[in-house]
Amino acid sequence: MQFLPLQGFPQFNIYSTPLLILVLQGLILCFLLYHRYYKKRSVLDLLLACILLIMCYHRTTYTIGFMDWYDTFRNTKVNYYLVSMEMLMAPLIYFYVKCALTSNFSFQKKHIKHFIPWVVFFIIKLSILIYDSQQPGFADNQNGVLVINFQWPYLNPVATLFSSAQMLLYLAFSFQLFYDYKRDIQQFFSNTAKKELTWIRNFLFIYSFIFVYGIGQIFIQEFIVEMSWIQRWWIQFLSATAVLYFGLKGYFTDFDFLKDFKNPKSTNEPKLSVANSAGVLEKVEAGKQPINNLFQKEKIFLDPELNLTQLSEKLALSRGEVSEIINLGFNMNFNDFVNRFRIEEFKKRLKDGNHQQFSLVGLAFECGFNSKATFNRVFKREVKLTPTEYLQSLEK
């Protein structure tokens, strides 16, 4: 791999230095995540640390390559010792997303089967190393007989096709988990703006982009034109930059609010179980009045952290029962139901002149909202006017 005039290893240039710095920072973040896992036993930290470590590991061959390692040490055994971890990455990403979005998730022995393809691939790579190392002249050459005659023409293409299909499948499952979660939190939290975990969505989109970029690069390399190492540097730089973003966001994102979250539809909690639909409707109608009393008289919606568990405890009902009463009796999910009361309270306070002591956003926060964007979106949907337009209509 000759990129610049041979000067010996290590050579710090515009290609090697950014990769080296980013990879080292990524390794520091790996250490911090492993350290926190050791202290708190958070599987989430362990999974993200493994993902970052593999991403850093995959940058190694290019980092040392642009530092002139291969020109200085021409018989280095990089094709033996650097084993692709793509077959590990796919299930690790899926389990990280699942662990982040599922409060009661625990890694179990049955999940190990997801990593069997990589174990098989590793055994084959190890067998290639053992065989080639026994051949004459192995120490003097970079690649032995099995690498040249088996790994490159047969193993690598099959492994690339398999790992690409595997990654597509696991990414699809991961996106499904995220969008199911985004839908389900509407049934549990009254304010979801800070609980939507857009970081997980960004994580999936960024990694998907890098994955598609890599597939496109392989296609161009194999079927259109051979790309130079410098042209292939960009995906390494993007991946190393993503490591830094993933590590920082993953380390500082607070997932504690999810410890009590569990969508009642996905649990075995008691529902309004009766023998006929008429009986369900009777129970729904009977349950509506206590809920209306809590919202109209006690104004529990003013608590921005109100959730389905808190409401069910006040009603002495299960979360499943309360969720069904709201869904069937008021024809809306929990989040929309609570925010409708908040909007009405906001409108009432505007008419009472409270906006003279508070800004519109401040008044919205007094009514139970905790996000300006959410308030504006909900208000426009319910009233068909912006808050400012509504205030102007009152002053006419």
Residue pair [X] / [Y]: nearest heavy atoms and the distance that separates them:
X	Y	value
Ile230	Trp234	O-CD1, 4.0 Å
Gln151	Pro157	O-CD, 4.2 Å
Phe375	Leu360	CE2-O, 4.4 Å
Ser164	Ile215	OG-CD1, 3.1 Å
Leu258	Leu101	CD1-CA, 4.3 Å
Leu92	Cys50	CD1-CB, 4.1 Å

To the nearest 0.5 angstrom, please state how far the [atom1] atom of [X] sits from the [atom2] atom of [Y].
X	Y	atom1	atom2	result
Gln186	Glu196	CD	CD	7.0 Å
Ser239	Met55	OG	CE	5.0 Å
Leu33	Leu46	CG	CG	9.5 Å
Ile235	Phe211	CD1	CZ	10.0 Å
Leu204	Leu171	CG	CG	7.0 Å
Ile51	Cys56	CD1	SG	12.0 Å

Which label fits [X] and [Y]: parallel for a plane angle under 30°, tilted from 30 to 60°, or perpendicular past 60°?
X	Y	result
Tyr94	Tyr170	perpendicular
Phe107	Phe105	perpendicular
Phe209	Tyr213	perpendicular

Donor-acceptor check, side chain of [X] to backbone of [Y], threshold 3.5 angstrom: yes or no?
X	Y	value
Asn191	Pro304	yes
Lys314	Ile291	no
Lys288	Lys283	no
Arg342	Phe301	yes
Ser163	Thr160	yes
Gln135	Tyr131	yes
Asn333	Asp336	yes
Asn354	Leu363	no
Trp199	Thr253	no
Ser393	Tyr390	yes

With hydrophobic residues grouped by side-chain heavy-atom distances under 4.5 Å, do [X] and [Y] end up in a single group?
X	Y	value
Ile123	Phe115	yes
Phe252	Leu47	yes
Ile343	Phe358	yes
Phe150	Val158	no
Met89	Ile116	yes

Establish, yes or no, whether a centroid distance under 6.0 Å links the rings of [X] and [Y].
X	Y	answer
Phe9	Tyr70	no
Phe138	Tyr80	yes
Phe189	Phe261	yes

With a 4.5 Å heavy-atom cut-off, do [X] and [Y] have their side chains touching?
X	Y	answer
Leu29	Leu244	yes
Ile206	Ile210	yes
Val97	Ile200	yes
Lys249	Phe203	no
Trp233	Leu19	yes
Tyr81	Thr76	no
Phe12	Leu20	yes
Gln236	Tyr15	no

Report task. Go through the steps for Phe295 and Phe337 under the test ring-ring contact (aromatic ring centres under 6.0 Å, His included), then give the verdict. Result -> CA-CA 10 Å; Phe295 278 80; Phe337 177 73; 4.9 Å; yes

Ion pair [X]/[Y], N-O distance below 4.0 Å:
X	Y	value
Lys259	Asp256	no
Lys348	Glu345	no
Lys194	Glu305	no

Query raised in the report: Can you list the steps and then say if Asn331 with Ile326 is a side chain to side chain contact (heavy atoms under 4.5 Å, CB included)?
Result: CA-CA 7 Å; Asn331 197 31; Ile326 293 174; over 6 Å; no

**Report entry** ring-ring contact (aromatic ring centres under 6.0 Å, His included) assessment of Phe175 paired with Phe205
**Finding:** CA-CA 9 Å; Phe175 274 110; Phe205 274 125; 5.2 Å; yes

Report task. Begin with the C-alpha distance, continue with both residues' side-chain angles, and end with the deciding distance and a verdict on side chain to side chain contact (heavy atoms under 4.5 Å, CB included) for Val43 and Phe95. Result -> CA-CA 10 Å; Val43 177; Phe95 284 120; over 6 Å; no

Query - Phe237 and Leu22: CA distance, side-chain angles, deciding distance, side chain to side chain contact (heavy atoms under 4.5 Å, CB included) verdict - result: CA-CA 8 Å; Phe237 177 72; Leu22 290 169; 3.9 Å; yes

Geometric cation-pi criterion [X] and [Y], 6.0 Å radius, 45° cone:
X	Y	answer
Lys299	Phe341	no
Arg319	Phe188	no
Lys98	Phe173	no
Arg36	Tyr38	no

Query raised in the report: Checking side chain to side chain contact (heavy atoms under 4.5 Å, CB included) for the pair Glu86/His58: CA distance, chi angles, key distance, verdict?
Result: CA-CA 9 Å; Glu86 288 296 331; His58 281 167; 3.4 Å; yes

**Report entry** Glu226, CD: over 12 other non-hydrogen atoms inside 6.0 angstrom
**Finding:**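 Not more than 12 within 6.0 Å, no.
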
**Report entry** Heavy atoms of other groups near His35 NE2, more than 12 under 6.0 Å
**Finding:**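 No, because the 6.0 Å sphere around NE2 of His35 holds 12 heavy atoms or fewer from other groups.
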
